[in-house]
Amino acid sequence: MNERYDFKAIEQKWQKRWQEEEPDRVPDAPTGKKYYVLEMFPYPSGRIHMGHVRNYTIGDVIARYKRMRGYEVLHPMGWDAFGLPAENAAMQHGVHPVVWTHDNIDHMRTQLKAMGLSYDWQRELATCDPAYYRWEQQLFLRMLEQGLAYRRETTVNWCEDCQTVLAREQVIEGACWRCDQPVLPRLMAGWFFNITRYAEELLRDLDTLSGWPERVLAMQRNWIGKSTGLACDFQVENSEEQITIFTTRPDTIFGVTFMSLAVEHPLLKSLSKGLPQHEAVQAFIQETIIAKQRASLEQETEKRGVFTGRYCINPYNGERVPIYAANFVLMEYGTGAVMAVPAHDQRDFEFARAYDLPVRVVVQPEGENLQAETMQEASIGPGLLVNSGSFTGMESEAAQQLIINHAEQQGFGRSHITYKLRDWGVSRQRYWGAPIPVVHCAHCGIVPVPEEELPVLLPGTGTAPGTHQPLHQQEDFLAVQCPACGQPARRESDTFDTFVESSWYFIRYTSPGHDTGLVDKAAAASWLPVDQYIGGVEHAILHLLYSRFFTKMLRDLGYIGVDEPFTNLLTQGMVLKDGFKMSKSKGNVEDPSTLIEQYGADTVRLFSLFAAPPERDLDWNPQGVEGASRFLARVYRLIALNLGCFADNSPISPENLDPDSRQVYRKTHQTIRRVSDSIESNFHFNTAIAGVMELVNTIGSPEEAGRCDAAVLRQSLETVLMLLFPMVPHFCEELWEASGHGQRLAQTAWPQYSAEAAREEELTIVVQVNGKLRAKLQVPEDTDDDTLKKLALQDEKIIQFLAGAQAKKIIVVRKKLVNIVL
RNA sequence: GCGAGAGUGGCGAAAUUGGCAAACGCACCAGACUUAGGAUCUGGCGGUGCACAACCUUGGGGGUUCGAGUCCCCCCUCUCGCACCA
């Protein structure tokens, strides 16, 4: 055995073996207890970064640990391969996205393999592969049949220069993030997924996700944004038209003094026709729409509006209510029309004060006497209803339901629920994505591509890659015969948002080679759900919500049998350097490959686990890496210098051990317990490693460890290797082999501890006087309470301290302390 | 503004969930070995005191308790998410 810890030779040796032996392959049908652990798959940007290292190390430790615990573990890896950066790189470097992407995948796969990650590489998939996206296209046809996918017109952010729609995040102060040209609103047709059909279930089932961080659950709840209240129709005066409003405060409806419409409200254009106000209203609409484009960053814009010249009738009291157009009303939420109650809503209050509109108090908070004229801000709390017709005198919260009931009896309103969640717009005008499989026919309208013609291949991606123009510019692709009538027609030129692919890849992993459908149902049934999912919190809403939606939809379409995709979610913290997120512009990037080259994968893994618990941010400290490296070198020497103990196969006889050996024996079993607990309870690998370090310290320096009883030493060293194996697999496997073990460590069961062996024989009992530490007692483990009390009172220091005073009370906590209260 | 989380030595962090605050590591200091040390080993290392003793110390202030980093109330600071959501 080499004297020095030669990580390079060791890691190469074991990676080669793993490549040949594929110890981590699992079948589609597990025979024993299954465990599915998954890390969020990477976008193939070119090189892995420290965030990947941390994410995949955490997942790998869990996978390896669970295998040692006897589970059959599904642990796959793949590539989220479609997306914008590949297309940009293609433009910049004159290389086709398919080439760029596959080159990146090849490089990153090599990097991941150099980390010693225990994936079932047979299951590797890339979402840009037609063998993957064809099933997405097939699923889309199902969704179309079910009304879960539909096409509609909507306003989008359009960059004329780039000829494409931009996501909201890509609009920087009203301009395109790439070319800095102004972004214009544009009415465009696009495809949507009907995620709102699942809004209620997506919300409700959050309560079942006890293995998710509260933070993520809260973000999703917030995003879905359920509100219950009253939808109520206000008749427009001298008109057949009605305006329906939504309110969560029906108890304030007698305080309505005007009505506010969003500038996009369909009624607004015609409402003021023929009135002197018409011109002003149209101008206001124009001006506000433009201002809204610009205002995405600013908050709290001034409340502005304009009177339409028309009135509507509050059905509760028959009052005439002036109708305003207002800049703060959202068309996207509720009905785009708001009943304004300035006394009890801050926005309405500001608007009323600005335009000198009446304020009427209808909820009087307990112990106050609100006067409309002197109010400085809206009063939004509960109270007793006043000026509220037959509801006057009621408690406001209790009155809400009665007021809704009244509307339902009279037929002008109803109980209503609204959500902030909107349907998911999946159309992208980009090239590098999965084509949406429909045809537009002048005669037949939208015609699905027949299933047997799938996949609709992304053109230009064959063995000799061709053009990567956006599809709407590729005439060869667009021209097609209508599948229904055979006449010339046009293919859909939009591609899917890449979040569509990542919404079901974890399902595909259960049978990645399956070629007759999206998933092999039996394989999916055996492996789903994912038991442990690991990734960055930045996906808390989009990816995780979409994946939950897909899971429920695929369940309803009969593909899978689970309600939720991810039973447990671990959101790992960011990797920082000097307190900042690593970024090229800050120049504080640590390159994983360089580090692995320099220290070895095991050291890098060990440090990333040891420096912080997984959910917390990790500050990358180069000196800390040295520490991790030093520890492994020490363990290496410890074993290299004490190989002799492995020759001894005699059992341990605890009763005959010298005190030092006894101590090592006990510490070994305590450490097994501690490390197991650290991993089981919350994956706190940092304390697990600290535990092993303590054990190594107890065993002693490599040179003097040989003084320990050989059988005990053997057991301790074996334990160290078994406990460290999930974290530093090459290292442990090498030392396991070098110390004469025939079977691979990976196939060895996680060690069991003996409670008897772990039991301390002597305890340190703390003696307190009035809760302050005054003395310590060394006593046999089985000392009873009365003896403890006696010993405490006999202690010299305690006698000094008491100075003859009488104890009022003495509290004894078993195995811990005695507290003497004076 | 709403929601979630966090605040402990010079630094990263522990604390069996109400029982010795600072485990483990980094940095630092001293010593040993050495031609040498950025290797290794031994010891020290929250603060005020001379090294004893004692006192102080988990963002701040109150409280519950024999006993509080941990539980309760008020406040401060920071991070993240949402944000004119009627």
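Lettering of chains follows the sequences in order, A, B, ..., and the numbering in each one begins at 1.
Looking at A:Glu761 and A:Arg666, a side-chain N of the basic residue comes within less than 4.0 Å of a carboxylate O on the acidic one, giving a salt bridge. Between A:Glu377 and A:Arg353, no side-chain nitrogen of the basic residue sits less than 4.0 Å from a carboxylate oxygen of the acidic one, so the salt-bridge criterion is not met.
B:C41 and B:A21 have their C1' atoms separated by 30 Å, with the value rounded to a whole Å.
Each of B:G81, B:A13, B:A86 was ranked by its minimum atom distance to the side chain of A:Val338; first place goes to B:A86. The A:Arg634 side chain lies nearest to B:C41 when the options are B:C41, B:A23, B:C55. Relative to the side chain of A:Lys772, the nucleotides B:U16, B:C56, B:U42 differ in distance, and B:C56 lies closest. The side chain of A:Ile541 lies closest to B:G81 when the candidates are B:U16, B:C41, B:G81. Which of B:C55, B:C41, B:G81 sits closest to the side chain of A:Arg774 comes down to B:C55. Among B:A86, B:A14, B:C41, the nucleotide with an atom closest to any side-chain atom of A:Thr247 is B:A86. Side-chain proximity of A:Glu214 to B:A13, B:A4, B:C82: nearest is B:A4.
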Name the pairs: protein N/O against N/O of nucleotides 25-27 of chain B, kept only if under 3.5 Å.
unit_1, atom_1, unit_2, atom_2, d
B:G25, OP1, A:Asn697, ND2, 3.2
B:C26, OP1, A:Arg630, NH1, 2.8

Protein-nucleotides 64-68 of chain B N/O pairs under 3.5 Å:
unit_1, atom_1, unit_2, atom_2, d
B:C66, O2', A:Asn819, ND2, 3.4
B:C66, O2, A:Asn819, ND2, 2.4

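Rounded to an integer number of Å, the gap from A:Glu538 CD to B:G81 C1' is 13 Å. Rounding to whole angstrom units, CG of residue A:Leu641 and P of B:A39 are separated by 18 Å.
With a 3.5 Å ceiling on both atom-pair distances, the Watson-Crick or G-U wobble partner of B:C66 is B:G19. Using N1 to N3 plus N6-O4 or O6-N4 for Watson-Crick, or N1-O2 and O6-N3 for G-U wobble, each under 3.5 Å, B:U58 pairs with nothing. Base pairing of B:C82: its partner is B:G1, meeting the Watson-Crick or G-U wobble criterion (both donor-acceptor distances under 3.5 Å). Checking B:A13 for Watson-Crick or G-U wobble geometry (two distances, each under 3.5 Å) identifies no partner in any strand. Across all strands shown, B:G7 forms a Watson-Crick or G-U wobble pair with B:C76, both key distances being under 3.5 Å.
When the side-chain contact (heavy atoms from CB on, under 4.5 Å) test is applied to A:Glu319, the partners found at least two apart in sequence or on another chain are A:Asn317, A:Arg360. Listed by chain and number, the residues in a side-chain contact (heavy atoms from CB on, under 4.5 Å) with A:Tyr599 are A:Leu595, A:Thr603, A:Val625, A:Glu626, A:Ser629 (sequence neighbours excluded).
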Show which side-chain atoms of residues 332-341 of chain A pair as donor or acceptor with protein atoms under 3.5 Å away, not counting sequence neighbours.
unit_1, atom_1, unit_2, atom_2, d
A:Tyr333, OH, A:Ser227, OG, 3.1
A:Tyr333, OH, A:Thr418, OG1, 3.3
A:Thr335, OG1, A:Thr244, O, 2.6
A:Thr335, OG1, A:Ala337, N, 3.4
A:Thr335, OG1, A:Ala337, O, 3.3

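At the heavy-atom level, A:Val692 lies nowhere under 4.0 Å from the strands shown. Across all strands, A:Arg616 comes closer than 4.0 Å only to sugar-phosphate atoms, never to a base (heavy-atom distances). Heavy atoms of A:Asp617 sit under 4.0 angstrom from primed sugar atoms or phosphate atoms, though from no base atom.
With its glycosidic angle within 90° of 0, B:G49 adopts the syn conformation. Look at B:U8: its glycosidic torsion is beyond 90° from 0, and that puts it in the anti range. In B:G38 the base sits anti relative to the sugar, since the glycosidic angle is further than 90° from 0.
Map A:Ala218 and A:Glu704 each onto its nearest nucleotide of RNA chain B; the residue landing nearer the 5' end is A:Ala218.
One N or O on the side chain of A:Asn770 and one on the backbone of A:Leu822 form a donor-acceptor pair closer than 3.5 Å. Between the side chain of A:Asp795 and the backbone N or O of A:Leu777 there is no donor-acceptor pair closer than 3.5 Å. Judged by distance alone, with hydrogens and angles left aside, the side-chain atoms of A:Thr308 form a donor-acceptor pair with the main-chain N or O of A:Ile323 at under 3.5 Å.
Atom CD of A:Glu781 has more than 12 neighbouring heavy atoms from other residues, nucleotides or ligands inside a 6.0 Å radius.
Taking every heavy atom of both residues into account, A:Tyr355 and A:Arg304 meet most closely at OH-CA, 3.3 Å.
Pairs passing the side chain to side chain donor-acceptor pair (under 3.5 Å) check and including a residue from residues 250-261 of chain A, sequence neighbours excluded, read A:Arg249-A:Asp251, A:Asp251-A:Gln400.
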